[in-house]
Protein chains: 2
Amino acid sequence: MLAYYDAMADVFKALADPTRRLILDELAERNEQTLFEICGRLTTRHSLSLTRQAISQHLEILEEAGLVRTRREGRYKFHSIDTTPLEPIMSRWLRRTTTKEKGVSE
Amino acid sequence: MLAYYDAMADVFKALADPTRRLILDELAERNEQTLFEICGRLTTRHSLSLTRQAISQHLEILEEAGLVRTRREGRYKFHSIDTTPLEPIMSRWLRRTTTKEKGVSE
DNA sequence: TTGACATGCAAGTAAATGCTTGCCTATTAT
DNA sequence: ATAATAGGCAAGCATTTACTTGCATGTCAA
């Protein structure tokens with residue numbers, strides 16, 4: 001049905017879910033967290049009761065979108081936020097026409 | 001299940017759909033378009049074949065998110081883009097900790 | 001090696017989402 | 001008044017999405 005390609009599709013889809021935005025909030029505050037750490041902090045600090053697998057799936061989506069980077073170390077996997085995919089969002093819809101006509105009427 | 005409130009939820013949901021992002025692209029290029037004009041341009045310029053109602057529903061979602069503003073004039077309703085709800089997106093996840101530790105390893 | 005811990009894989013389910021179809025209202029032109 | 005135009009409302013359907021449950025893999029300590 002869609003005959004075009006949108007490079008930012010994964011990023012927008014990843015940001016669409018409130019739990020994933022919460023995860024990004026957590027990582028923005030402290031990077032290098034494991035899956036269990038993230039689960040714990042979401043539960044205790046945000047009263048969010050989700051299974052480990054649910055969080056794991058969210059992290060996978062965030063990682064595919066490039067918003068989360070991971071580093072493996074033994075049996076641990078550390079997650080960190082990467083905000084670079086967010087940068088093109090703003091510039092995409094910044095006015096290409098004159099600023100003068102920004103107001104809707106007149 | 002979600003015990004918190006996210007003020008930007010509507011904006012992110014609105015941006016999650018590729019057709020709605022295309023509509024914003026169109027309005028960023030030319031404001032003050034009617035529903036029929038938007039339908040026409042999506043069809044001719046983007047090979048997107050959706051019904052008028054589908055586009056109308058997308059515009060409603062965009063308007064509720066504050067990303068589109070409308071002005072009624074007789075039987076016409078003109079749509080324009082409003083990028084102000086996008087601004088908090090960037091600042092939300094900008095590092096609150098030191099910039100030094102942005103790299104994942106070391 | 002055995003058990004505990006951290007994570008991964010996959011099928012199933014309930015709810016949300018995008019889209020269509022059909023009908024209705026309001027404004028303008030003839 | 002009548003018809004055409006621009007838009008609105010709402011039910012129905014198919015796909016997607018988030019989440020759970022159950023089991024499997026890999027790493028580390030005793």
Checklist entry - Rounded to the nearest Å, what distance is computed from the CG atom of residue Leu35(B) to the C1' atom of nucleotide dG8(D)? => result 10 Å

Next on the checklist: At less than 3.5 Å, do the side-chain atoms of Glu60(A) and the base atoms of dT7(C) form a donor-acceptor pair?
Outcome noted: no

Checklist outcome for this item: Shortest non-hydrogen pair, Arg21(B) vs Leu15(B), comes out as NH1-O, 2.7 Å

Next on the checklist: Tell me the interatomic distance from Ile38(A), atom CD1, to dT7(C), atom C1', rounded to whole angstroms.
Outcome noted: 12 Å

Next on the checklist: OP1 or OP2 of dG26(D) versus the side-chain N and O atoms of Lys77(A): is any pair under 4.0 Å?
Outcome noted: no

Next on the checklist: Under 4.0 Å, heavy atoms only, any strand: does Phe36(A) hit a base, just the sugar-phosphate, or nothing?
Outcome noted: base

Checklist entry - Do Arg75(A) and dT7(C) have a side chain to base donor-acceptor pair shorter than 3.5 Å? => result no

Checklist outcome for this item: Of dA6(D), dA6(C), dG18(C), the nucleotide closest to the side chain of Tyr76(A) is dA6(C)

Checklist entry - To the nearest Å, how far apart are Gln53(A) CD and dG22(D) P? => result 11 Å

Checklist entry - Picking from dG7(D), dT21(C), dG18(C), which would you name as closest to the side chain of Thr51(B)? => result dT21(C)

Next on the checklist: Arg92(B) vs Asp6(B), test: salt bridge (Lys or Arg N to Asp or Glu O under 4.0 Å). Steps then yes/no.
Outcome noted: CA-CA 12 Å; Arg92(B) 175 165 180 173; Asp6(B) 190 336; 3.2 Å; yes

Checklist entry - Would you say Arg20(A) reaches dA18(D)'s phosphate, i.e. side-chain N/O to OP1/OP2 under 4.0 Å? => result yes

Next on the checklist: Run the side-chain contact (heavy atoms from CB on, under 4.5 Å) test on Leu50(B) and Leu42(B) for me, step by step, so that the C-alpha distance in whole Å, both residues' side-chain angles and the decisive distance to 0.1 Å come before the verdict.
Outcome noted: CA-CA 9 Å; Leu50(B) 291 181; Leu42(B) 288 182; over 6 Å; no

Next on the checklist: Distance check, rounded to the nearest 0.5 Å: Glu87(A) atom CD versus Thr83(A) atom OG1?
Outcome noted: 6.0 Å

Checklist entry - Is the phosphate of dT7(C), meaning OP1 or OP2, less than 4.0 Å from a side-chain N or O of Ser56(A)? => result no

Item to check | Leu27(A) versus Asn31(A), closest heavy-atom pair with distance | outcome: O-OD1, 3.1 Å

Next on the checklist: What I want to check is whether an N or O donor and acceptor connect the side chain of Gln57(A) with the base of dG8(C) at under 3.5 Å.
Outcome noted: no

Checklist entry - In whole angstrom, what separates Leu59(B)'s CG from dG8(D)'s C1'? => result 13 Å

Checklist outcome for this item: Whole-Å distance, Phe12(B) CZ to dT17(C) P, equals 16 Å

Checklist entry - Does Glu73(B) make a side-chain donor-acceptor contact with the base of dT27(C), cut-off 3.5 Å? => result no

Item to check | Atom-to-atom span, NE2 of His58(A) to P of dA18(D) - whole angstrom | outcome: 6 Å

Item to check | Euclidean distance, atom CZ of residue Arg52(A) to atom C1' of dC23(D) [Å, nearest integer] | outcome: 11 Å

Checklist entry - How close or far is atom C1' of dA15(C) from atom NZ of Lys13(B), stated in whole angstroms? => result 11 Å

